[in-house]
Amino acid sequence: MQGVKEKAKDMTSAAKAKMKEKEAKMEEKLEKATARSEVQKEIAHERAKVKMAEAKMELHAEKAQHREESMMHHHHHHHDAVGVQQVHHDIGPFPAPSVPAYPVSGTRPVTKK
């Protein structure tokens with residue numbers, strides 16, 4: 001499920017980047033149409049290139065953030081050894097004690113009160 005969420009976020013980021021690129025191209029065309037010299041047209045083109053590069057950079061930064069979020073989500077799942085049950089207590093930064101999920105020979109099972 002997390003992979004689907006990550007892919008959806010990536011697609012949203014890609015769509016935003018495409019919109020920014022199209023916006024930069026439209027602004028370039030507008031600036032070129034109002035430019036009076038060849039130098040002004042070149043400046044408009046360079047500005048458009050910068051805006052498109054920024055859009056791509058933001059896309060890659062957002063994708064990296066999505067990966068980090070996904071890794072953090074996967075990192076919080078703890079898998080215990082077979083037959084070990086976690087007992088959660090509020091004891092601060094210390095790990096929760098583990099108790100067997102099956103009776104150990106010669107002992108009585110732990111009961112919760």
Side-chain angles (χ1 to χ4, degrees):
M1 184 66 180
Q2 191 63 25
V4 174
K5 288 180 183 178
E6 185 178 314
K7 191 167 188 167
K9 287 179 182 180
D10 286 350
M11 289 172 59
T12 302
S13 296
K16 282 197 302 187
K18 287 285 186 190
M19 287 300 296
K20 287 182 180 182
E21 287 179 15
K22 288 183 182 196
E23 182 180 321
K25 286 180 183 179
M26 291 300 293
E27 288 176 8
E28 177 187 7
K29 286 182 181 182
L30 179 64
E31 285 183 47
K32 279 186 174 182
T34 59
R36 294 187 177 168
S37 69
E38 198 62 36
V39 174
Q40 289 176 333
K41 290 180 182 182
E42 289 176 23
I43 291 171
H45 180 68
E46 292 300 319
R47 284 185 185 144
K49 283 174 45 176
V50 167
K51 288 181 182 180
M52 287 191 279
E54 286 174 347
K56 287 182 180 180
M57 182 183 66
E58 288 175 13
L59 170 65
H60 291 294
E62 288 176 5
K63 280 187 171 185
Q65 182 181 1
H66 300 158
R67 299 298 176 283
E68 288 174 1
E69 290 170 358
S70 179
M71 294 274 297
M72 291 302 292
H73 178 76
H74 290 297
H75 186 266
H76 290 285
H77 292 279
H78 298 285
H79 299 284
D80 296 323
V82 174
V84 176
Q85 174 185 0
Q86 284 288 342
V87 177
H88 300 284
H89 299 280
D90 280 339
I91 55 175
F94 305 107
S98 297
V99 295
Y102 51 88
V104 179
S105 63
T107 63
R108 297 171 58 189
V110 177
T111 58
K112 295 182 182 180
K113 295 181 182 182

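Small disclaimer: the values here were computed from a predicted structure and weren't measured. Just so you know, residue 1 is the first one in the sequence shown, and it goes up from there.
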Indicate every side-chain donor-acceptor pair of residues 34-41 with a distance under 3.5 Å to a residue at least two apart or in another chain.
unit_1, atom_1, unit_2, atom_2, d
Thr34, OG1, Leu30, O, 3.2
Thr34, OG1, Glu31, O, 3.2
Ser37, OG, Gln40, N, 3.3
Gln40, OE1, Arg36, N, 2.5
Gln40, OE1, Ser37, N, 3.3

Please tabulate, for the side chains in residues 15-27, all donor-acceptor contacts under 3.5 angstrom to protein atoms that are two or more places apart in sequence or on a different chain.
unit_1, atom_1, unit_2, atom_2, d
Lys20, NZ, Glu58, OE1, 2.3
Glu27, OE1, Lys51, NZ, 2.2

- State plainly whether the residues Glu69 and Lys9 are in salt-bridge range, i.e. N to O under 4.0 Å.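 Salt bridge flag = yes for Lys9 with Glu69.
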- Salt bridge Glu28-Arg47, side-chain N to carboxylate O under 4.0 Å: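 Not counted as a salt bridge, because no side-chain N and carboxylate O are separated by less than 4.0 Å.
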- Query: Taking the hydrophobic residues Ile, Leu, Val, Met, Phe, Trp and Tyr, and joining any pair whose side-chain heavy atoms are under 4.5 Å apart, which ones share a cluster with Val4?
  - Reply: none
- Can you see which heavy atom on Leu59 is nearest to which on Asp10, and at what distance? CD1-O, 4.4 Å
- Message: Can you give me the closest heavy-atom contact between Ser13 and Glu62, atom names plus distance?
- Response: OG-OE1, 2.6 Å
- Whether Thr12 side chain and Ala8 backbone form a donor-acceptor pair below 3.5 Å: yes
